[in-house]
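See structure below.
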Amino acid sequence: MKGPIHLPPWDLLMLSVHYIQKGHLYPKPSAGFHIAEFLRRINHSLSLTLSHFYPLAGRLVTSNSPHDDGSYVVSIDCANSPGARLIHAAADLTISDVLSPTYVPVVVQSFFDHDRAINHDGHTTSLVTIQVTELIDGVFVGCSFNHAVGDGASFWNFLTALSETYRGKTPISRPPVNNRWFPEGCNQIIPLPADQIPSRYESPKLLERFFHFSAESIGKIKSKANYQSGTTKISSFQSLSALVWRGITRARNFPAEKITGCRLATNNRGRMNPPLHPDYFGNSINPMRTSAAVGELLRNDLGWAAWRLHEAVVGHSDEKIKGFVSAWLESPVVYRMEQVFDTDSVMMGSSPRFDKYGIEFGLGKAVALRSGYANKFSGKVTGYPGRDGGGSVDLEICLPPATMAALESDEEFMSCVS
């Protein structure tokens, strides 16, 4: 790739957001495992995978816009870049040290590169890093991935391809579509105003805990929400999101008149007309928000909240998506975490639909998935498929200590936790 890769609105507005940091914890074989050979194969696989996902081998570059008004243009340069990064680290820890505590230990943050980095840092740091951390009885493979280059769907497609090349499965099953989407008639060189300077975000003191919901429990939550709403249209994840929204809102003990929201990170690809390819590589998401007064949310039942979320999802149309992009082009902004993800709301990120446990590197199925420091705030919830499959779900919930304690005592919420 000789020329620069120009970034569309969905990518540019991510410049102040943290990198995506997700990883897999695998058991280390008791015999026959050699870390040097493992790293050699990972390195070779990474090289092969980047030939498909070549934007990740580049660096961000900034140039002056042609308007001579202080605005600037950010793009990806793949021709003059030192490439991606592979790190080997070691920790005097066991799998039990990582998984046994009720709350995710802070040491897990060290299993990832780009700690506290924002996407704008991709000017001088790699756009993707694989860090292999060797534990006493395990191996953690952590990936940090620049969120201005791609969203969660792009992230998991990349990791799946890396896993496939490691296991000798070529060609990869889902090659990325690297043509960036711009609105019809839009100049691909989009200047950002001089006042849109990327800013940094520091998380408050939070506890992170995984809550497991069995397939049976998910089924009951969905049935209850649909029964209470007199419908069959509410999905499992909408029902679960409503349960979490209500539980966290009760735990926060807000006054009845306060407005609270629930955001769902929504994939735009299949909602557009014409639709984007499912393997479109880049960002194509919007944090879709539903809101209600606290008293209204808690006075009504689970089905009421789930139906509100369902209506918002159904209403997220091609017209709304393109309307958002058009409005952004009229007044370009870079997301600021503290403004977009307010602490009065709940943010449901990632999706348990991605086959995250299907990602293997010759060590068998991962025993757990974990995330780094990135993009954590009060009310951030990340969805993972349960390790046992079958429709089970794990939710990673981030809350201040007092709010977490209140959620752990919430009868409606905890009665659904398996």
Side-chain angles (χ1 to χ4, degrees), residues 204 206-207 209-214 216-266 286-317 320 338-349 351-352 377-383 393-418:
L206 298 171
L207 293 177
R209 179 174 172 180
F210 275 75
F211 295 89
H212 179 70
F213 297 84
S214 67
E216 180 183 8
S217 179
I218 295 288
K220 289 179 179 178
I221 297 166
K222 178 182 178 181
S223 295
K224 181 178 181 180
N226 277 285
Y227 174 77
Q228 290 176 341
S229 295
T231 185
T232 59
K233 297 179 179 179
I234 299 171
S235 72
S236 297
F237 196 68
Q238 291 161 13
S239 305
L240 183 59
S241 298
L243 178 80
V244 173
W245 184 21
R246 284 165 53 83
I248 290 179
T249 301
R250 264 193 303 269
R252 285 170 165 164
N253 198 28
F254 286 150
E257 66 275 10
K258 191 173 186 66
I259 300 299
T260 179
C262 182
R263 287 183 171 88
L264 303 177
T266 306
N286 281 110
M288 188 189 57
R289 186 174 190 265
T290 301
S291 62
V294 169
E296 184 181 32
L297 175 66
L298 301 183
R299 182 174 62 252
N300 287 289
D301 55 24
L302 173 72
W304 183 89
W307 182 251
R308 292 291 297 269
L309 294 173
H310 171 77
E311 286 187 312
V313 170
V314 171
H316 192 60
S317 62
K320 284 193 174 182
E338 67 277 9
Q339 296 173 351
V340 176
F341 304 116
D342 63 270
T343 55
D344 300 337
S345 299
V346 170
M347 172 70 197
M348 305 293 294
S351 171
F377 47 87
S378 176
K380 174 65 182 294
V381 182
T382 303
V393 172
D394 289 330
L395 294 181
E396 177 195 53
I397 298 182
C398 302
L399 291 170
T403 311
M404 182 68 79
L407 180 66
E408 292 166 341
S409 299
D410 186 85
E411 183 177 351
E412 181 187 56
F413 177 79
M414 292 303 294
S415 67
C416 298
V417 175
S418 305

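For clarity, every value in this text was computed on a predicted model and none was experimentally measured.
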**Message:** Looking at Tyr227, I'd like to know if the NZ or CZ of Lys224 sits under 6.0 Å from its six-membered ring centre while staying within 45 degrees of the ring's axis.
**Reply:** no
**Message:** Within this structure, what is the OG-CD1 distance for the pair Ser229 and Ile234, rounded to the nearest 0.5 Å?
**Reply:** 3.5 Å
**Item:** From Ile259 atom CD1 to Asp342 atom CG, the distance as rounded to the nearest 0.5 Å
**Value:** 11.0 Å
**Request:** Check for a donor-acceptor pair, side chain of Asn286 on one end and backbone N or O of Met288 on the other, with a separation under 3.5 Å.
**Result:** no
**Asked** Side chain of Gln238, backbone of Ser235: donor and acceptor closer than 3.5 Å?
**Response** yes
**Request:** Using modelled atom types only, decide if a donor and an acceptor are shared between the side chain of Asp344 and the backbone of Gly261 within a distance under 3.5 Å.
**Result:** no
**Fill in**
Scanning both residues in full, the closest heavy-atom pair of Leu206 with Pro400 reads CD2-N, 3.7 Å
**Distance-only donor-acceptor check, side chains Ser378 and Arg252, under 3.5 Å** = yes
**Prompt:** Counting only N and O atoms by type, is there a donor-acceptor contact under 3.5 Å from the side chain of Thr266 to the main-chain atoms of Leu264?
**Reply:** yes
**Complete:** In short, Arg308 meets Ala292 closest at the heavy-atom pair NH1-CB, 4.4 Å
**Request:** Can you run down the salt bridge (charged side-chain N to carboxylate O under 4.0 Å, His left out) pairs that involve residues 396-418, sequence neighbours left out, and say none if there aren't any?
**Result:** Arg209-Glu408, Arg246-Glu412, Arg250-Asp410, Arg250-Glu412, Lys376-Glu396
**Request:** Indicate yes or no for a side-chain donor-acceptor contact from Arg263 to the backbone of Ser345 under 3.5 Å, with no hydrogens or angles considered.
**Result:** no
**Asked** Counting distance only, does the side-chain N/O of Ser217 pair as donor-acceptor with the main-chain N or O of Cys416 below 3.5 Å?
**Response** yes
**Minimal non-hydrogen separation, Ile397 against Met404, with atom names** = O-CE, 3.4 Å
